[in-house]
Amino acid sequence: MKQKIKWKNMIIPIAMPVIVFLVFFICQPERFGTPAGIMIMLQQSVINSIIGFGLSLNLVIDTWDFSAGAQLVLAGLVGAYYSQYYGLAGLIVVTVLVATLLGALTGLVYFVFKIPSIIVTIGMMLVYESLGSLYHGGANVTIDMGISFLGRSPGIFIVGILTYILAYVIYHHTKFGYNVRAVGNGEATAKSIGINSLKIRFLCFVVGGIFVGIASFLQVSYGGAIAPKTGMNTMSMVFPPFMGVFIGQYLERYCDIMLGIFLGVFSMTMINTGLIAMGLPGTLQQVVTGCFMLIFMAISINREQAVLKSRKAAA
Amino acid sequence: MKIKEKIKIREIVPFLSLIAVIVFFEIVTNGTLLTLKNMKLIFNQAFVLIIGSVACSFIVAQGDVDFSMGSMVGITAVCAAWVSQVAGGLALPAAMILGAVLGIINGILFVKFKIPSFVVTLSTLMVLRGLTIFIAGGGSVSVPFSLYKYDSFPLKLILCIVVILAATFCFNYTKLGKWSKAIGSGITAAHQSGVPIGKMRLFGYGLSAAMCGLCGFFNMVRAGSAATNTGNFFETDILIALVLGGMPLSGGSTSKIRCAVIGSLTLAILINGMVCWNLNEKVQQGIKGIIFLIAVWLTFDKKNTSLIK
Amino acid sequence: MKKRIIALLTSMTLVLSTVLMGCGSQENTGGTTEQQTEETSSETAQASDKLPEKFKIGVVIWSTTDDLGGASARLLNYASDIIGCEMVYNTNISSPESQITATENLIAAGCNAIAICNYSDDILPKITSLCEENEVYFTLIWRSISDPEVKEIVEASPYYLGNTCESEEETGYMMGESFHNMGCKNIAVITMEKGDATADARDAGFDRACEEFGMNRISEVRNNTLTAEETTKAVENFLASFPEMDGIFVTGGSNTILEGVIQALALHNKTGEVKVACIDFISDLDKYIEEGAIDAISGGHFVDPLFSYMLMVNKLAGTPLSDNCEQIDLNFINLQSPEDARNYYKYCEGDSYPYNEEEIRSMVKYFNPDMTIDQLKEIAAAYSIDDVVSRHGGDSADTTNN
């Protein structure tokens, strides 16, 4: 019985990306699924996965963070600027530091104002976007090619794996992670056993900021440049990681949530790449990704309900 | 007595915010804000926001969200534009019927398949935006000149008043409104009291999306076309307007239609006022964010909310 | 109580920091500040150098911070400082209806004239009636009107002064031709969404070249708000799915889109192998051209709004250059060598402007009674690196122009 459960735990999370891969591979074997193509898709999944790791801490406790994209851009702008003086160290340290501070500021506003996170993070998103467009007159910042090696293999994978390990350890093996899970499973109960849920929410923003900072310097390295974004356009940057987290939350019963997030993001990346390989218009990508999300959630939730019902009936 | 006073203060804060914004910008713009011409402009800009916020109130009263409103406006506008090229008189009904159908699909996904509303509406946002681009042929769809006459101040004013009155009546004096608020106040108690929760959710999303169709039509006649980015970020503007007006996001009995109206006017005046004040365009957005946060902080009912998420 | 104080302090800090940064930037953008009012009043002693009234000119534009929008805004602010006008920008234009709103708000802000970079022709009848109702002059920048019905309505308005535009279709064709000359056959395109007048025209020209020279448009990405990272992803997807790709055409490369393309090719060691052609300039062009990262590039049209601005200013000053609406044609600048790029940034953009104070003032009939509309058109038609160098001196021997 234990072995049977272990197999299922391994098969189900992997089944999703495998099925997506096979669908496109069968349709376009010459253009999709080449070794180079797979490497590119894995590479492209790293940044959104890291953002997802940061957002997951908030989403587990039903807290939204729409400001993550704006934090990423603002931190990237500052870090890229200082990379001109301090090289790679400047890029990494300043970006992560600024993103963490921005996360802390968001958390502080949430903690002090005591208003819903969706409001706080939309408000702070507007502020951070504005600050980004004011920073050095809103100029784009390009980084030196020599320090952008973290944006490609193997640097991006090394950083990605280290960040995954960090996320895993924080979530599963720290008191903070334990408290996050406790609050996520029932805030009232968590409060009654002495967990300060507001403090935990504040810390989720701070820790989330660290992951956003890591994603930020990877994004700057990957793109070679960064530009300010206004008009709430940074909000769309958090949708793919959100989707990844929703998928990760449902795969959590079979595997680690962080792995589930990566698998979710990777699956959506394959969908995007697969559609391009099939020569379908880019506009369909959004349609397919949205439908994929709905179908996945519908199957997951209703399967869960069906299992519960059958267990009740059996009992 | 003190508690009653506190409750009263919290209820009037949105009014005070609106008055403060008007007074402030009237002063800094040297009287430009309250000229008849400018007030007409503000109303023109606030019109779709008011309609959308009022309709969305039924969803928010139930404690749910709808992130797909912007995409609804976009797709209904594009479809209405195509229909208008064949039969101008059918454009508005087409937009509203399409909106209602799409809204009900949202509701079905939420109710029948039990997918959380934020996941449904976020996914629908992506699907509909992609479909909008596809239906629009990737560009914009022109509207016949004959429809431009619908972009008229008197018509919009009358329509706005009718919608507000109808929504207020429905919200306060009919089962639809009371059940919506009951669901927001406590879904278990509502269910046990016989409130048809599934049907109410379908109603909420259907109504909201139908009114998005109305907004899409008016956006279309205002701009002379419907484009792939028509309605962009409309859902965020609605959310900001509702919260500025003091609408509790958790819904419940304290939800009021006037929150939608006050918040929409406040937001429109804020945007117009900042431009009239010649405020640096890069700063305007930041100021909007800060005012949004402060306004919500002042109006949010912390004491009666056990868990702030 | 403590928390309320912290909350108040936090919000006041946020307000102060954004407003202070904004006020600092406001001085640069020529927006109204007390300091600027004082500077302006101290300058009234030199009344002959400024227009008799401080006209307010509004601009509806997608951005004042990206490469193209930012350069244009700086030039317009410079011109306004010289002749004594005030500039107001509205960048809240994410959709057609928001462009109408932006125009309305600029009118409400007291603008005497407005320059608009309209998304498409369809909003122009509405803009026209708005401007007529409020007696505000308007011009178009980077745009011409292609819809004949709309053109008739707009040009019939006494408040429409004209437009400045470039030959987008021809430039798209030239980019296609340059790919052909480099031996390319299979080209991927990164462009803006359909319906954007500029992108459509450039696409049409490029497609014409593809048909004429037998090239294939193998894939495309259409997005108005791509970041460098998103562009890098898109190019990587092209590389993965279309190994036969030998060219990438970027129809609008500002705001780090071109940097993303260059980065992606560099990451996969395809620099020079996959040819890159782009419309819009970015910084460090000399370096990129030297490294072979960019094979053909056209741009430098940030001066476009200046000519529409001059139509408006002359009209407001009571000395209109023409009684009819006028179209002013501008050329793109084509850079073909690192030297070209260096000269461009030395004389045209960056720390210098392509038209100095005297030249700016001479475009205004109030200061230069001999100015005519034909002369203004000639100035626009002559715009090139050679033209700027010849007027502002310099030691660049090897310059090539379009």
Side-chain angles (χ1 to χ4, degrees), chain A residues 61-64 66 109-110 112-120 122-134 137-138 187-188 191 197-198 201 228 230-233 235-236 239 242-243 246 281-294 297-302 304-305, chain B residues 65 67-68 71 109 112-116 118-120 122-136 138 228 232-233 235-237 239-240 243-244 248-250 280-302 305-309:
Chain A
I61 53 175
D62 292 335
T63 305
W64 293 91
F66 285 109
V109 171
Y110 176 76
V112 170
F113 281 42
K114 290 189 180 52
I115 53 181
S117 58
I118 201 171
I119 311 286
V120 171
I122 287 178
M124 296 311 287
M125 171 188 66
L126 295 173
V127 173
Y128 294 149
E129 283 187 357
S130 186
L131 289 174
S133 70
L134 289 168
E187 187 164 353
K191 271 182 171 176
S197 62
L198 267 183
R201 288 178 190 282
T230 54
M232 296 191 282
N233 279 305
M235 202 157 74
S236 54
F239 289 156
F242 269 154
M243 303 290 202
F246 296 147
T283 53
L284 273 185
Q285 286 173 24
Q286 288 186 74
V287 178
V288 173
T289 307
C291 288
F292 170 79
M293 201 56 224
L294 286 169
M297 295 300 277
I299 292 172
S300 307
I301 293 168
N302 289 281
E304 189 187 314
Q305 299 283 338
Chain B
V65 290
F67 288 122
S68 65
S71 315
L109 288 168
K112 204 85 176 125
F113 293 94
K114 298 179 179 38
I115 305 172
F118 52 87
V119 177
V120 169
L122 267 181
S123 304
T124 317
L125 182 156
M126 296 176 75
V127 172
L128 291 179
R129 194 51 76 184
L131 285 175
T132 303
I133 297 170
F134 188 69
I135 294 168
T228 55
N232 253 6
F233 303 115
E235 61 278 343
T236 321
D237 282 341
L239 186 65
I240 293 174
V243 217
L244 272 178
L249 281 186
S250 51
N280 187 324
E281 72 281 0
K282 298 171 200 171
V283 172
Q284 285 177 26
Q285 190 175 285
I287 298 290
K288 187 168 138 186
I290 291 167
I291 290 175
F292 175 54
L293 289 171
I294 295 173
V296 177
W297 173 56
L298 290 170
T299 56
F300 187 68
D301 181 9
K302 296 173 194 58
T305 310
S306 55
L307 301 171
I308 299 169
K309 292 191 176 177

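Naming: A, B, ... by sequence-line order, numbering from 1 per chain. Below, each value reflects all heavy atoms present in this structure, side chains not excepted, and no hydrogens, waters or symmetry copies.
Contact tally against chain A (heavy-atom pairs below 4.5 Å) for B/N232, B/V243, B/V120, B/V119: the top residue is B/V119. Between chain B and the options A/N233, A/I119, A/V288, heavy-atom pairs under 4.5 Å are most frequent for A/I119. Considering only heavy-atom pairs separated by less than 4.5 Å from chain B, the leading option among A/P228, A/G231, A/G132 is A/G231. Top candidate by heavy-atom pairs under 4.5 Å with chain A, chosen from B/L125, B/L131, B/T236, B/I291, is B/T236.
Taking both residues in full, the closest heavy atoms of B/F233 and A/M235 are given as CD2-CE, 4.4 Å, listed atom of the first, atom of the second, then distance. Here the shortest heavy-atom pairing between A/G137 and B/K282 reads O-NZ, 3.6 Å. Annotation for B/I115 and A/I301: closest pair CA-CD1, 3.7 Å, computed over non-hydrogen atoms. The nearest pair of heavy atoms linking B/F113 to A/N302 is O-ND2, 3.0 Å. Taking every heavy atom of both residues into account, B/V127 and A/C291 meet most closely at CG2-N, 3.6 Å. Nearest heavy-atom pair, A/G290 versus B/M126, reported as atom, atom and distance to 0.1 Å: CA-CB, 4.4 Å.
For B/L109, the part lying under 4.5 angstrom from a heavy atom of chain A is the side chain only. Using a 4.5 Å cut-off between heavy atoms, B/L249 contacts chain A through its side chain alone, with no backbone atom that close. Heavy atoms of A/F292 lying under 4.5 Å from chain B are absent altogether. Looking at B/L239, the atoms closer than 4.5 Å to chain A (heavy atoms on both sides) all sit in the side chain, from C-beta outward. Residue contact with chain A, scored on non-hydrogen atoms closer than 4.5 Å, involves the side chain of B/I240 exclusively.
Atom CH2 in A/W64 sits 4.5 Å away from atom CZ in B/F118 (nearest 0.5 Å). Here the CD-OG1 distance, from B/Q284 to A/T230, works out to 11.0 Å after rounding to the nearest 0.5 Å. Atom OG of B/S123 is separated from atom CE of A/M243 by 4.0 Å, given to the nearest 0.5 angstrom. Remark: B/R129 CZ to A/S236 OG distance equals 11.0 Å, nearest 0.5 Å.
Here the side chain of A/S130 pairs no donor or acceptor atom with the backbone of B/Q285 at under 3.5 angstrom.
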Q. Does the side-chain contact (heavy atoms from CB on, under 4.5 Å) test come out yes or no for A/F113 and B/V296, once each step is laid out?
A. CA-CA 9 Å; A/F113 281 42; B/V296 177; over 6 Å; no
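For the pair B/W297 and A/V109, the minimum side-chain heavy-atom distance is 4.5 Å or more. No side-chain heavy atom of B/T124 sits less than 4.5 Å from a side-chain heavy atom of A/M293.
Aromatic pair B/F67/A/F239: centroids not less than 6.0 angstrom apart.
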